[in-house]
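Following: one structure in structure tokens, then a few remarks.
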Number of protein chains: 2
Amino acid sequence: MFTSPRNKESNERVKDERREQILSNALILFAKKGFAATKITDISAASGFSQGLIYHYYQSKEEIFVALIKNAVAIMNAAAVELERLPLTPLEKIKLAIGKLLQGLEEGEQVAYHYLLINQAVISEAIPDEAKLIVEEQTLRYEVIARIISAGQREGSFKKYDARDMALLFWTSLNGLAIYKAGHADNFKVPDANILISMFVLENINSKEV
Amino acid sequence: MFTSPRNKESNERVKDERREQILSNALILFAKKGFAATKITDISAASGFSQGLIYHYYQSKEEIFVALIKNAVAIMNAAAVELERLPLTPLEKIKLAIGKLLQGLEEGEQVAYHYLLINQAVISEAIPDEAKLIVEEQTLRYEVIARIISAGQREGSFKKYDARDMALLFWTSLNGLAIYKAGHADNFKVPDANILISMFVLENINSKEV
DNA sequence: GTCTATATCCAGATAGAC
DNA sequence: GTCTATCTGGATATAGAC
């Protein structure tokens, strides 16, 4: 068995796939065990090959973690930007965002894992500096939600608390829920979205819509 | 220098103090770095003595962590029980609870550290089984809040979503906030309590009271 | 590209001197 | 009660065979 020259791109593709595979396994492990407690052997075993081979694709455990953090932050930002651009009212946007995020928690694991990873980066002193920096610099999703809330307040459908306070609670509440889900995956039922919505939207407006 | 026989109790007291000292330092370290990344030398250094001496007071790193978890859970439960017993209306109880918890976040670090510790125990697979068990068995604070909410609904001052959903969001939202604070201790300002309250309490009731 | 050593380091825990 | 020295295991990362 040998590799013909013309398979070069194909090989590249295989390499990328391997890297993806490592990342997706590492994401779960890092999220569930934390950075420090996740061993390279855990990742290699989950990926189905030997421990040494990891270093063919990544230079270190840190590098894997940083790659995952970058990815998680990018996905969240992209979603926030997309949300802001949609031709919807502020009310509709907030409802859509909460709905989607809850749905993400209900169906997929990925969203929850991303939250857990970012939380580690924010909280823990035992996380690569590069990862901490990336997360700290990323406040876009807070700003987007704060802008939507402000717009909704001007428009009259939102409660008139400090918009940044509201945006903070928007994200921290969802985050808290994601953490809960991570610890109770088996019997986790997503709560009624309207409870969260009532932190932001005036009651009569909300009940009118429902 | 020798120890006279009659100093026995005094010695016991010193020993207890040392143990307390170890615990309070370990709490911060475990909360900030996580269980796996916290080294015995970190704890001994923070406490100002040699690494070996820790083992005079505790048998292992696990034992320290478990002691801390027990303590954290006990404090939270005690507070919940106390809250339920107070001669207040459900409305007053929920407001008091949110107020106190936010205040705890604002002033002290301890509450936030307890949250972080319990989160680790719930989420992480790299945590001593005994600690996980203790936390899993402790659902009292959820039950207490659910009961208060149910009472408030019967009484007519609370929103009529599923009481367990509401209790879940009560705790996960506060928890999410504690995590945020842990990562932004320097410039963290507690949000307006009324935003959280509006998840539970009917708007006209709440504004009447304020 | 993959595996099997293995070098190296570090952390938890123990032993024993003072 | 406290420290220093040491044992032991385990984890990251490297080297080199296939």
Side-chain angles (χ1 to χ4, degrees), chain A residues 1-23 25-26 29-30 33-68 124-128 130-131, chain B residues 1-22 25-26 29-30 33-68 124-131:
Chain A
M1 200 79 90
F2 69 100
T3 309
S4 80
R6 50 193 285 270
N7 277 2
K8 222 174 157 190
E9 305 139 32
S10 161
N11 284 343
E12 275 302 305
R13 220 172 39 87
V14 169
K15 188 162 184 176
D16 281 353
E17 272 170 26
R18 269 275 197 263
R19 287 173 62 96
E20 282 301 318
Q21 188 190 359
I22 289 172
L23 284 186
N25 287 309
L29 287 161
F30 281 139
K33 306 180 68 155
F35 177 74
T38 301
K39 288 159 272 177
I40 291 288
T41 52
D42 293 333
I43 302 174
S44 64
S47 308
F49 47 70
S50 79
Q51 175 258 16
L53 189 55
I54 294 277
Y55 293 93
H56 198 78
Y57 296 99
Y58 289 96
Q59 288 193 350
S60 65
K61 198 168 87 164
E62 280 202 20
E63 195 184 292
I64 300 175
F65 190 85
V66 169
L68 284 170
S124 175
E125 291 174 3
I127 290 290
E130 197 185 341
Chain B
M1 201 81 89
F2 71 100
T3 309
S4 79
R6 51 194 285 273
N7 278 3
K8 222 174 157 191
E9 302 140 32
S10 160
N11 285 343
E12 274 302 305
R13 217 171 42 86
V14 169
K15 188 160 184 177
D16 280 354
E17 271 170 27
R18 268 272 196 266
R19 286 172 65 97
E20 281 302 316
Q21 188 189 0
I22 290 171
N25 287 309
L29 288 161
F30 282 139
K33 308 179 66 155
F35 177 73
T38 301
K39 288 160 270 179
I40 291 287
T41 53
D42 293 332
I43 302 174
S44 63
S47 308
F49 46 71
S50 79
Q51 177 258 15
L53 188 54
I54 294 278
Y55 294 94
H56 196 76
Y57 296 100
Y58 289 96
Q59 289 193 349
S60 66
K61 198 167 87 163
E62 279 202 21
E63 193 184 291
I64 300 175
F65 190 86
V66 168
L68 284 169
S124 175
E125 290 175 2
I127 290 291
D129 282 340
E130 197 185 341

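Basis for what follows: all heavy atoms, side chains included, without hydrogens, waters or symmetry-related copies. Proteins come first, then strands; the chains are lettered A, B, ... in the order of their sequence lines, and each starts at number 1.
- The salt bridge (charged side-chain N to carboxylate O under 4.0 Å, His left out) pairs that include a residue from residues 38-49 of chain A are A:K33-A:D42, where partners are two or more places apart or lie in different chains.
- A donor-acceptor distance shorter than 3.5 angstrom exists from the side chain of B:T38 to the backbone of B:L29, with no hydrogens or angles considered.
- If you measure from atom CD1 of B:I54 to atom P of D:dT2, you get 11 Å, rounded to the nearest angstrom.
- One distance of note links CD1 of A:I127 with CZ of A:F65; it measures 4.0 Å at 0.5 Å rounding.
- The CD1 atom of A:I64 sits 9.0 Å away from atom CZ of A:R19, with the distance rounded to the nearest 0.5 Å.
- Residue contacts for B:Y57: at a heavy-atom cut-off of 4.0 Å it reaches the sugar-phosphate backbone alone, with no base atom in range.
- Applying the ring-ring contact (aromatic ring centres under 6.0 Å, His included) definition to pairs two or more places apart or across chains, none involves residues 36-61 of chain B.
- The phosphate of C:dG1 (OP1 or OP2) has a side-chain N or O of A:H56 nearer than 4.0 angstrom.
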For nucleotides 4-18 of chain C, 5' to 3', base contacts (B), sugar-phosphate-only contacts (S) and non-contacts (-) with protein non-hydrogen atoms under 4.0 Å give BB-----SBBB----

